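Some notes on the structure that comes next.
Quantities reported herein were computed from a predicted structural model and do not represent experimental measurements.
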Amino acid sequence: ANAAEALSQGELQQVQLKRWVETTPMSYLRRIRLKTAVLFSVSCELGAILSKQPVRSAKELAFYGENLGMAFQIFDDLLDIQGEAKEMGKPVALDLRQGIVTLPVIYALEETNYDDRIVKVIKGNVDDRSVKEALLVIKGTKGIERARKEAESYVKMAIQVAEKVKNEEARSGLLFLSKFVIERYH
C-alpha cells in the first residue's frame, strides 16, 4: 500500500513538473525515488519476507532495490537522450518532447545557463528540428557524463548490499541484476 501511494505521488509530481525548466536535481531524484525506485525496493523486500528472511535482511534488500531502481531510471533517462529508436522501441527524446525534465537535461541546462534551444523544446516546441538542436546542445555538455556517474554510484551502493548476502544463489542473482542495469545502458 505504501509503494502504491509513493508511485502515485511520483506520477503526480511528474505531471506537476512537466515543462518546468527549473526542475532541480533534488526534485528529480525525489520523483524517481517515488515513481521507480520504490517498486524495485518493495519487490526486493517482499522477496526477502516471502523467503522468511530476518527483518534486517529484508530492509537491506529494500535498500538494494531502491538503489538499483534509482540507477535503472537514470540510465533509462540517459537512453532517452542517447539511444537509438530501433533499439529502444520508442522514439528518441520522448521525455524531452513531452516536457519531462530528466537528470542529464537538468545538468545540461545548468551548464549552458538555460540554453534557449533546450528550453524551447521543454516548453513545447517539439518539431523534429528543434528537438535535434536541443539534443546536440545536451550532448555537447557534461550533463550525460554527470548523470551516468550518478547512476553508477547507485549501482555501487546496490552491489555493496548484494555482496553481503549469504545465500550464494541469491547473491549471484542480485549481482547479475546490478550488472544488467549498467550493461543495458552501454
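Atom CG in D116 sits 10.5 Å away from atom NZ in K123 (nearest 0.5 Å). Taken to the nearest 0.5 Å, the CG atom of L12 stands 12.5 Å off from the CZ atom of R31. In this structure, CD in Q14 is found 4.0 Å from NZ in K35, a value given to the nearest 0.5 Å. Separation of atoms CG (L174) and CG (L61) is listed at 6.0 Å; rounding is to 0.5 Å. With values rounded to the nearest 0.5 angstrom, L103 atom CG is found 7.5 Å from L78 atom CG. Separation of atoms CD (E60) and CD (Q160) is listed at 12.0 Å; rounding is to 0.5 Å.
One N or O on the side chain of S51 and one on the backbone of G47 form a donor-acceptor pair closer than 3.5 Å. Although no hydrogens or angles enter the test, the distance criterion places a donor-acceptor pair under 3.5 Å between the side chain of S8 and the main chain of A4. In this structure, the side chain of S43 engages the main chain of L39 through a donor-acceptor pair within 3.5 Å.
Residue R117 comes nearest to A134 through the heavy atom pair O-CB, 3.5 Å, listed as atom of the first residue, atom of the second, then distance. Closest approach of A58 and A48 over heavy atoms only: CA-CB, 3.6 Å. Considering every non-hydrogen atom in both A62 and C44, the closest pair reads N-CB, 4.4 Å. The two residues A151 and A71 make their nearest non-hydrogen contact at O-CB, 3.4 Å.
S178 and Y64 share a side-chain donor-acceptor pair at under 3.5 Å. Inspection of the Q9 and E5 side chains reveals an N or O donor paired with an N or O acceptor under 3.5 Å. The closest side-chain donor-acceptor pair between Q73 and T36 falls under 3.5 angstrom. Side-chain atoms of Q82 and Y185 include a donor-acceptor pair closer than 3.5 Å.
Atom OH of Y114 is surrounded by more than 12 heavy atoms from other residues, nucleotides or ligands within 6.0 Å. In the displayed structure, K59 atom NZ is contacted under 6.0 Å by at most 12 heavy atoms of other residues, nucleotides or ligands.
When side chains are defined from C-beta on, V92 counts as touching L135, because their heavy atoms get closer than 4.5 Å. The side-chain heavy atoms of I81 and I144, taken from C-beta on, include a pair separated by under 4.5 Å. Proximity of E110 to I106: side-chain heavy atoms (C-beta onward) are separated by under 4.5 Å at one or more points. In this structure, the side chains of L175 and I159 come closer than 4.5 Å at one or more pairs of heavy atoms. Inter-residue side-chain proximity for F75 and E152 is flagged as met; some heavy-atom pair is nearer than 4.5 Å. Between Y107 and P25, some side-chain heavy-atom pair lies under the 4.5 Å cut-off.
Remark: Y28 engages D77 in a side chain to side chain donor-acceptor pair (under 3.5 Å) (not counting sequence neighbours).
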**OP:** Evaluate the criterion salt bridge (charged side-chain N to carboxylate O under 4.0 Å, His left out) for residue pair E66 and R33; output intermediate values, then yes/no.
**Re:** CA-CA 7 Å; E66 180 179 339; R33 180 168 277 111; 2.5 Å; yes

**OP:** Determine, stepwise, if the pair K18 / D95 fulfils salt bridge (charged side-chain N to carboxylate O under 4.0 Å, His left out).
**Re:** CA-CA 10 Å; K18 199 171 196 177; D95 287 340; over 6 Å; no

Original post:
What's the verdict on side-chain contact (heavy atoms from CB on, under 4.5 Å) for T112 and V137, showing C-alpha distance, side-chain angles and the deciding distance?
Top reply: CA-CA 8 Å; T112 63; V137 174; 3.9 Å; yes

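Under the 4.5 Å side-chain contact rule for hydrophobic residues, I32 and V38 do not share a cluster. The hydrophobic clustering, which links ILVMFWY residues whose side-chain heavy atoms are closer than 4.5 Å, places L34 and L7 apart. In the hydrophobic clustering of this structure, I100 does not group with I74; members are Ile, Leu, Val, Met, Phe, Trp, Tyr whose side-chain heavy atoms approach within less than 4.5 Å, directly or through other members. Using a 4.5 Å cut-off between side-chain heavy atoms of Ile, Leu, Val, Met, Phe, Trp and Tyr, with links allowed through other members, M157 and V165 fall into the same hydrophobic cluster.
Among V181, L68, L29, the single residue meeting the side-chain contact (heavy atoms from CB on, under 4.5 Å) criterion with Y154 is L29. Among the candidates V121, L109, I118, D115, the single residue satisfying the side-chain contact (heavy atoms from CB on, under 4.5 Å) test with I138 is I118.
Using a 4.0 Å cut-off between a side-chain N of Lys or Arg and a carboxylate O of Asp or Glu, E133 and R129 qualify as a salt bridge. For the pair D80 and R97, the salt-bridge criterion is not met [side-chain N within less than 4.0 Å of a carboxylate O].
Within the structure, salt bridge (Lys or Arg N to Asp or Glu O under 4.0 Å) pairs that include any residue of residues 165-178 do not occur (at least two apart or interchain). For residues 175-186, the set of pairs meeting the salt bridge (Lys or Arg N to Asp or Glu O under 4.0 Å) definition, not counting sequence neighbours, comprises D76-R184.
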